[in-house]
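To start, the structure under review is shown below, and the notes come after it.
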2 protein chains.
Amino acid sequence: MDKKTRQKEAILRALKSTNSHPTADWIFTEVRKEIPNISLGTVYRNLKLLKEKGDIVELDLCSNLSRFDSYTEDHYHFRCENCHNIFDLDIPVDHDVNKRVTADTGYKVTGHCLEFRGLCKECY
Amino acid sequence: MDKKTRQKEAILRALKSTNSHPTADWIFTEVRKEIPNISLGTVYRNLKLLKEKGDIVELDLCSNLSRFDSYTEDHYHFRCENCHNIFDLDIPVDHDVNKRVTADTGYKVTGHCLEFRGLCKECY
DNA sequence: TTAGGTGCAAAACCTTTGCCATCCC
DNA sequence: GGGATGGCAAAGGTTTTGCACCTAA
């Protein structure tokens with residue numbers, strides 16, 4: 001298993017050539033310049049292999065994933081990795097961290113998203 | 001605009017009846033008990049309307065969204081809300097926060113995901 | 001009366017998978 | 001040779017959209 005192939009090497013090279021956290025489709029477009037008949041399925045399969053091997057990571061990013069809540073106050077979440085439930089956390093939201101990161105990085109930070117993960121009380 | 005309809009009211013009621021952060025499909029299943037011929041499209045449309053009105057929120061949760069990175073060290077990200085680029089942040093990762101939240105909440109926290117947002121240096 | 005909402009189905013996306021050919025080890 | 005991989009296309013899952021009909025105000 002884990003053969004070295006042109007496709008896999010080109011995918012890894014494309015990923016290393018950027019720090020823009022690309023999507024599979026971006027990588028596909030990029031690699032196709034070199035291997036015009038590579039298929040998107042191959043890109044997905046190799047990204048999966050590279051991830052399993054630890055050469056790359058699939059990023060945990062925050063985004064609206066069509067999960068809804070009628071509780072509209074700003075709060076943090078905890079996700080159980082066993083039962084996959086998401087729980088509201090009753091801990092204070094750190095609003096000052098936005099200012100601190102703005103000062104530290106130069107980006108104009110207006111908000112943040114923080115999620116904890118592990119095992120819930122039932123699954124522990 | 002913003003008419004009151006049976007469908008919209010049932011959707012909001014379903015959402016208020018739970019704190020499980022449901023998906024559109026869960027809401028669809030739930031509301032269908034009351035309005036058997038409601039369509040999934042209507043659920044999506046009303047969730048969008050309710051969100052715009054501020055009655056509900058669509059949650060910002062962390063997840064693997066098929067964005068990849070060859071930089072495998074643990075680090076935080078900043079997302080520009082104007083140009084939508086994602087930048088690596090060169091600030092220390094707070095590993096202790098997992099322990100603190102474990103102590104405060106009773107959940108067994110083993111990791112967290114933190115993302116900042118706002119405007120990047122170019123867009124500011 | 002009429003702008004906005006609904007149901008239905010099709011389209012649009014994105015990701016995975018099955019199949020068979022092909023390529024390395 | 002034979003298991004791993006690739007190309008292709010079809011299948012899956014989720015969300016959006018076009019359209020004709022309906023309904024609340």
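Here is how names work: the chains are called A, B, and so on, in the same order as the sequence lines, proteins then strands, and each is numbered from 1.
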**Request:** Kindly calculate the angle separating the two end axes of the helix from C:dT1-D:dA25 to C:dC25-D:dG1, each obtained from five base pairs, and round it to 10 degrees.
**Result:**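 The helix from C:dT1-D:dA25 to C:dC25-D:dG1 shows an end-to-end axis angle of 30°.
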Find every protein N or O atom lying less than 3.5 Å from an N or O atom of nucleotides 18-24 of chain C, and list the pairs.
unit_1	atom_1	unit_2	atom_2	d
C:dG18	O6	A:R45	NH1	3.2

**Request:** If a pair satisfies ring pair (Phe, Tyr, Trp, His ring centres under 6.0 Å) and one of its residues is in residues 4-27 of chain B, list it, with sequence neighbours excluded.
**Result:**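 Every pair satisfying ring pair (Phe, Tyr, Trp, His ring centres under 6.0 Å) with a residue in residues 4-27 of chain B: A:H77-B:H21.
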**Request:** Sequence neighbours left out, what pairs pass ring pair (Phe, Tyr, Trp, His ring centres under 6.0 Å) with at least one residue falling in residues 99-119 of chain A?
**Result:**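 Passing the test, one end in residues 99-119 of chain A: A:Y76-A:H112, A:Y107-B:F78, A:Y107-B:F87, A:H112-B:F116, A:F116-B:H112.
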To the nearest angstrom, how far is [X] atom [atom1] from [N] atom [atom2]?
X: B:N46; N: C:dG4; atom1: CG; atom2: P; value: 15 Å
X: B:R67; N: C:dC14; atom1: CZ; atom2: C1'; value: 14 Å
X: A:E9; N: D:dG6; atom1: CD; atom2: P; value: 11 Å
X: A:E52; N: D:dA4; atom1: CD; atom2: C1'; value: 14 Å
X: B:L65; N: C:dT16; atom1: CG; atom2: P; value: 12 Å
X: A:Y44; N: D:dT5; atom1: OH; atom2: C1'; value: 19 Å
X: A:E58; N: C:dT16; atom1: CD; atom2: C1'; value: 13 Å
X: A:L47; N: C:dC14; atom1: CG; atom2: C1'; value: 14 Å

**Asked** If each of A:K48 and B:G41 is mapped to the nucleotide of DNA chain C with the nearest heavy atom, which maps nearer the 5' terminus, i.e. the 5' end?
**Response**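 That would be B:G41.
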**Asked** Would you find more than 12 non-hydrogen atoms of other residues, nucleotides or ligands less than 6.0 Å from B:E122 atom CD?
**Response**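 Not buried by this count: 12 neighbours or fewer within 6.0 Å.
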**Message:** Over all strands shown, is B:S66 touching base, sugar-phosphate only, or nothing at heavy-atom distances under 4.0 angstrom?
**Reply:**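 Touches sugar-phosphate only.
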**Message:** Check the phosphate of D:dG7 against A:Q7, side-chain N and O only, distance under 4.0 Å to OP1 or OP2. Yes or no?
**Reply:**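 Checking A:Q7 against D:dG7: at least one side-chain N or O falls below 4.0 Å of OP1 or OP2.
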**Message:** Any residue in residues 24-40 of chain B with a heavy atom nearer than 4.0 angstrom to DNA chain C? Just list them by number, or reply none.
**Reply:**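 The answer is B:N37, B:I38, B:S39.
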Listed partners of [X] passing side chain to side chain donor-acceptor pair (under 3.5 Å), at least two apart:
X: B:D94; value: B:R100
X: B:R13; value: B:E34
X: B:R6; value: none
X: A:K16; value: none

Got a list of side-chain donor-acceptor pairs under 3.5 Å for residues 56-64 of chain B, not counting sequence neighbours?
unit_1	atom_1	unit_2	atom_2	d
B:E58	OE1	B:K51	NZ	2.4
B:E58	OE2	A:S66	N	3.0
B:D60	OD2	B:R117	NH1	2.7

**Request:** Locate the shortest heavy-atom distance separating B:S20 from A:R67; write the atom from each residue and the value.
**Result:**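 Looking at all heavy atoms of both residues, the shortest contact is O-NH2, 3.9 Å.
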Do any side-chain atoms of residues 37-44 of chain A form donor-acceptor pairs under 3.5 angstrom with protein atoms, and if so which ones, sequence neighbours left out?
unit_1	atom_1	unit_2	atom_2	d
A:S39	OG	A:T42	N	3.4
A:S39	OG	A:T42	OG1	3.2

**Message:** Quick test of your reading: applying salt bridge (Lys or Arg N to Asp or Glu O under 4.0 Å), list the pairs with at least one residue in residues 71-93 of chain A, sequence neighbours left out, ordered by first then second residue.
**Reply:**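 Only A:R79-A:E115 qualify under salt bridge (Lys or Arg N to Asp or Glu O under 4.0 Å).
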